[in-house]
A.B. asks: 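Please see the structure below; I have some questions.
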There are 2 protein chains.
Amino acid sequence: MPRAPSNAAQDKPPLRQTRIQKAKREAILDAALDVFSQHGFRGATLDMIATRAGLSKPNVLYYFAGKEAIYTQVLSQILETWLDPLISMDAEGDPMQELRAYVGRKLEMAREFPRESRLFATEILQGAPEIEGLLSGDLRRLVDEKAKVIAGWSAAGKIAPVHPKHLIFSIWATTQHYADFRTQIDMVLGTGEDPFPDAAQFLDHMFARLLAPAPEGASGPASGPS
Amino acid sequence: MPRAPSNAAQDKPPLRQTRIQKAKREAILDAALDVFSQHGFRGATLDMIATRAGLSKPNVLYYFAGKEAIYTQVLSQILETWLDPLISMDAEGDPMQELRAYVGRKLEMAREFPRESRLFATEILQGAPEIEGLLSGDLRRLVDEKAKVIAGWSAAGKIAPVHPKHLIFSIWATTQHYADFRTQIDMVLGTGEDPFPDAAQFLDHMFARLLAPAPEGASGPASGPS
DNA sequence: GTCTATATTCCGATAGAC
DNA sequence: GTCTATCGGAATATAGAC
């Protein structure tokens, strides 16, 4: 037969696959995102993933080489989209608008993709063994580049002087908190109200206040852009 | 013998124990904090804990009823001290000083007790199965109480009007980020510089700016405290 | 391609000597 | 109290029928 060889024992998708194969692979990956984000890598079992995907355990292993291959695939798919909001922060746009829009997009991602956020958080909490290269490579370069953009905005007086990288950290921390610590937030706030409207207002206000250029040369950490 | 019955199969410390027993229990708990905070409950093994504590696996199980008993004990010991900074925020003190001091103490805890922070984060990320009661009980009451204090400060014009609970969330998020996501921070910042001095300055500045009472009734989210 | 049955490894916990 | 040896369950992965 002119067909491609068996998919078994492959962790990457074969060059050609039917729509059905693709759909099953995606069903497995989606189920895996559910299970891994809730239980971590070690806490997850192939049985959970298979059941949630509506397949048998050996059938899952027909499409992926093993548990770790599934995990790696899920993680790398997340990373593709995770950095998008930061990438699309435009050096040519209005500084305040760009930064506030970045905060807004990050918070929206926490709302729309909490599983992805939690999986990412778990991975980093445990020392990021699977994505070390990406963090110290692509992510580092991206943050360096955007930090220079922010520093330029500060120097030009478009925004208040701030430490650019710690500003980025604070944006990551505050927005992802609403996905990663949602359990705690719900228990503190009480019933199942949606915390995101208030969070959006609060964070927009907080970063707007932080970044508003000082009206006078009075109370900045540095007296003015040098 | 008039001695107390065997410690085996007990998860709570017996009424009387020698200094040696106490020291071994503490060695186990410290090793367990190491291992649980790095690998999570499921990822941790008794072998890791025993090795790090310098004991054999059965010997560990002589002092604790099982893996879960160790985990529960570690968690409950953390919780005793974890809420301390928030508790000691004084309604009678100067509002700006109290809040900035709270931020500073929380950041110091992230620096001094990163293992505790990470273990707590992992537990909440996975739905807080062990501490659900504490979160919806003690923590919720504490936050309610302190949120009222903060709201009072806002209403009195001592600090700018802010959503009190989301202010608390943002303090938790930004400070714990430096413990929980330390791997990412190190990779983004590059070499092993200590990020905490810059973080302390940045966060103090950010919250000071957020909370500074507006000089005029111009640019708050609400025009005035109602 | 998908299943049942099973091989195999790992880990929590116990038995029993000392 | 502490150890070696081991049980028993769980989970990854494979074999092989269909």
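The structure displayed is predicted, hence computed values, not measured ones.
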A.B. asks: Determine yes or no for a side-chain-to-main-chain donor-acceptor pair under 3.5 angstrom, with A:Arg25 supplying the side chain and A:Tyr63 the backbone.
C.D. replies: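 At least one qualifying donor-acceptor pair exists.
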A.B. asks: Closest approach to the side chain of B:Leu61, judged atom by atom: which nucleotide of C:dT2, D:dT14, C:dT14 is it?
C.D. replies: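 Of the options given, the side chain of B:Leu61 lies nearest C:dT14.
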A.B. asks: Taking only N and O in the side chain of A:Tyr62, is any of them less than 4.0 Å away from OP1 or OP2 of D:dT14?
C.D. replies: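 Answer is no, no contact under 4.0 Å.
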A.B. asks: Would you please indicate yes or no on a ring centroid separation below 6.0 angstrom for A:His39 and B:Phe41?
C.D. replies: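 No - the distance between ring centres of B:Phe41 and A:His39 does not fall below the 6.0 Å cut-off.
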A.B. asks: Could you please name the option among C:dT2, D:dT2, D:dA13 that lies closest to any side-chain atom of A:Lys67?
C.D. replies: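 Comparing C:dT2, D:dT2, D:dA13 against the side chain of A:Lys67, the answer is D:dA13.
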A.B. asks: In whole angstrom, what separates B:Ile49's CD1 from C:dC11's P?
C.D. replies: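 In whole Å, C:dC11 P and B:Ile49 CD1 are 12 Å from each other.
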A.B. asks: Heavy atom of residues 29-48 of chain A under 4.0 Å from DNA chain D: which residues?
C.D. replies: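 Of all residues in residues 29-48 of chain A, the ones placing a heavy atom under 4.0 Å from DNA chain D are A:Ala44, A:Thr45, A:Leu46.
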A.B. asks: Please give, in whole Å, the distance from C:dT4 P to A:Asn59 CG?
C.D. replies: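 These atoms are roughly 11 Å apart.
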A.B. asks: For the backbone of A:Met89 and the side chain of A:Lys146, can you confirm whether one donor and one acceptor N or O come within less than 3.5 Å of each other?
C.D. replies: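 Yes, A:Lys146 side chain to A:Met89 backbone: donor-acceptor pair under 3.5 Å.
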A.B. asks: Any carboxylate oxygen within less than 4.0 angstrom of a Lys/Arg side-chain nitrogen, looking at B:Lys165 and B:Asp144?
C.D. replies: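 Yes, B:Lys165 and B:Asp144 are salt-bridged.
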A.B. asks: In terms of the nearest nucleotide of DNA chain D, which residue is placed more toward the 5' end: B:Lys24 or B:Lys57?
C.D. replies: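 Of the two residues, B:Lys24 wins.
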A.B. asks: Between B:Gln97 and B:Tyr102, do the side chains contain an N or O donor and an N or O acceptor separated by less than 3.5 Å?
C.D. replies: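 The answer is no; no qualifying pair exists.
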A.B. asks: For the CD1 atom of B:Ile20 and the NZ atom of B:Lys22, what is their distance to the nearest 0.5 Å?
C.D. replies: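 Answer for the CD1-NZ pair, B:Ile20 versus B:Lys22, is 13.5 Å.
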